[in-house]
Amino acid sequence: MAYSGEVTVGGTPDVHELEDLIITKVAVGPMNNNAYVLRCRATDKQLMIDAANEPATLLDVIGSDGLDAVVTTHQHGDHWQGLREVVAATGARTYAGRADTVGLPVPTDVPLDDGDTVSFGRITLTARHLVGHTPGSVALVYDDPHGHPHVFTGDCLFPGGVGNTHDDPAAFASLLDGVTKKIFDVLPDETWVYPGHGNDTTLGAERPHLDEWRERGW
């Protein structure tokens, strides 16, 4: 079946197969978090984005080939409830945005700044630092050489708007400005968006609403 990105907690993961990369999306935990396991086709090396919850479920998705790295998109607790167990079981190297490393349950091996890259096998992701939902949130961009880009946005961009900035106008302006300049202004409409909760979207579906979001203030 074609990939839809529609997953439910306790349900079957969905798999997006690209030419060089396999992306497995699974929903876990009471806040319906998305976790993603990325697998390099050429080497079978794997990386996880957000070990959010249900470590047994995450380890089942990882399987017997192990895990090279875990990237935590931001410091909110619902995105790292399974991190300690996943790292203990796999020895994976840990990454997070520099300003969000405080408070994570395991030390961050590699703090990420804007433009830094994370590589596993023959796959490279580029970190984009986005301030507003948290001080150190990062989105991760995979620029597919055979097609359109793919971006993992954590809680910074969803279908219908940017992430929660808790009624702080300055934080909202910062997040929307960052998402606009670092995501929408540099990536095409075909870019597939994988958020930290809920269904996927594309930049083309969301782009017409940027002014509307700015006007409403959330």
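Index from 1, following the sequence. What you see is a predicted model, and the numbers here were worked out from it, not measured in a lab.
- The two atoms that bring G97 and V138 nearest to each other are CA-CG1, 3.8 Å, heavy atoms only.
- Considering all non-hydrogen atoms of both residues, G198 and P195 come closest at O-CG, 4.1 Å.
- In this structure, A27 and T8 approach most closely via the heavy-atom pair CB-C, 3.6 Å.
- Within the 4.5 Å cutoff, the side chain of M48 has no heavy atoms near those of the D50 side chain.
- Residues D143 and T126 have side chains not in contact (no heavy-atom distance under 4.5 Å, counting atoms from C-beta outward).
- Inspection of the D189 and H148 side chains reveals no N or O donor paired with an N or O acceptor under 3.5 Å.
- Scanning all heavy atoms of the two residues, the minimum distance from T101 to P111 falls at CG2-CB, 4.4 Å.
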Donor-acceptor contacts under 3.5 Å from residues 55-71 side chains, at least two apart:
from : atom 1 : to  : atom 2 : distance (Å)
T57  : OG1    : E54 : OE1    : 3.1
D65  : OD2    : R39 : NH1    : 3.4
D65  : OD2    : R39 : NH2    : 2.3

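- Side-chain contact, D100 with H76: no donor N or O sits under 3.5 Å from an acceptor N or O.
- By the 4.5 Å heavy-atom criterion applied to side chains, D114 and K182 are counted as neighbours.
- Rounded to the nearest 0.5 Å, atoms CG (L21) and CZ (R122) are 13.5 Å apart.
- Residues I49 and T73 form a side-chain contact, since some pair of their non-hydrogen atoms from C-beta on lies under 4.5 Å apart.
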Could you please spell out the steps behind the side-chain contact (heavy atoms from CB on, under 4.5 Å) verdict for D200 and K25? CA-CA 10 Å; D200 300 353; K25 177 181 182 180; 2.6 Å; yes

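- Checked by atom type and distance alone, the side chain of T43 pairs as donor or acceptor with a backbone atom of K45 at under 3.5 Å.
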Does Y3 form a side-chain contact (heavy atoms from CB on, under 4.5 Å) with E17? I'd like the steps, not just the answer. CA-CA 8 Å; Y3 175 78; E17 298 204 18; over 6 Å; no

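- Separation of atoms CZ (F120) and CG (L47) is listed at 5.0 Å; rounding is to 0.5 Å.
- Remark: the Q75 side chain and the T134 side chain contain no N/O donor-acceptor pair separated by less than 3.5 Å.
- When only modelled atom types and interatomic distance are considered, S4 and D14 share a side-chain donor-acceptor pair under 3.5 Å.
- H74 and H133 have perpendicular rings, their planes meeting at more than 60° on a 0 to 90° scale where under 30° would count as parallel.
- Counting heavy atoms from C-beta outward, L112 and H129 have side chains that stay 4.5 Å or more apart.
- Remark: side-chain polar atoms of H79 are not paired, donor with acceptor, to backbone N or O of A35 under 3.5 angstrom.
- For the residue pair T108 and A96, the shortest heavy atom distance occurs at CG2-N, 3.6 Å.
- Residues Y142 and T124 fail the side-chain proximity criterion, which asks for heavy atoms closer than 4.5 Å.
- A side-chain donor-acceptor contact under 3.5 Å links T90 to the backbone of A92.
- One N or O on the side chain of T202 and one on the backbone of A205 form a donor-acceptor pair closer than 3.5 Å.
- The main-chain N or O of L18 is found under 3.5 Å from a side-chain atom of R41 such that the two form a donor-acceptor pair.
- Counted within 6.0 Å of CG on D185, heavy atoms from surrounding residues, nucleotides or ligands total more than 12; the atom is thus considered enclosed.
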Take Y95 and D116 through the side chain to side chain donor-acceptor pair (under 3.5 Å) test and state the conclusion after the steps. CA-CA 11 Å; Y95 297 76; D116 285 350; over 6 Å; no

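- Hydrophobic clustering places V106 together with W80 (ILVMFWY residues linked when any side-chain heavy atoms are closer than 4.5 Å, directly or through intermediates).
- Grouping Ile, Leu, Val, Met, Phe, Trp and Tyr by side-chain contacts under 4.5 Å, direct or through others, puts V186 with L130, V141, V151, L157, V162, F172, L175, L176, V179, I183, F184, L187, V193, L203, L210, W213.
- In this structure, Q46 contributes its side chain and V37 its backbone to no donor-acceptor pair below 3.5 Å.
- Side-chain contact between R128 and T153 is absent, with no heavy-atom pair separated by less than 4.5 Å.
- H150 pairs with exactly one of Y36, Y194, W192 by the side-chain hydrogen bond (donor to acceptor under 3.5 Å, both in side chains) rule, that one being Y194.
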As a quick check of understanding, evaluate side-chain contact (heavy atoms from CB on, under 4.5 Å) for I123 and D20, giving each step before the final call. CA-CA 8 Å; I123 302 298; D20 295 338; 4.1 Å; yes

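- Annotation for E212: atom CD counts as buried by contact number, over 12 foreign heavy atoms lying within 6.0 Å.
- By the rule that hydrophobic residues join a cluster once side-chain heavy atoms approach within less than 4.5 Å of another member, V118 and I22 end up as members of separate clusters.
- Although no hydrogens or angles enter the test, the distance criterion places no donor-acceptor pair under 3.5 Å between the side chain of N33 and the main chain of A52.
- R98 and D113 are joined by a salt bridge, as a carboxylate oxygen and a charged side-chain nitrogen come within less than 4.0 angstrom of each other.
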Using the side-chain contact (heavy atoms from CB on, under 4.5 Å) rule, take L125 and T117 through it: C-alpha gap first, then chi angles, then the decisive distance, then the call. CA-CA 5 Å; L125 309 175; T117 58; over 6 Å; no

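- When hydrophobic residues (I, L, V, M, F, W, Y) are linked wherever their side-chain heavy atoms come within less than 4.5 Å, V7 remains an isolated member.
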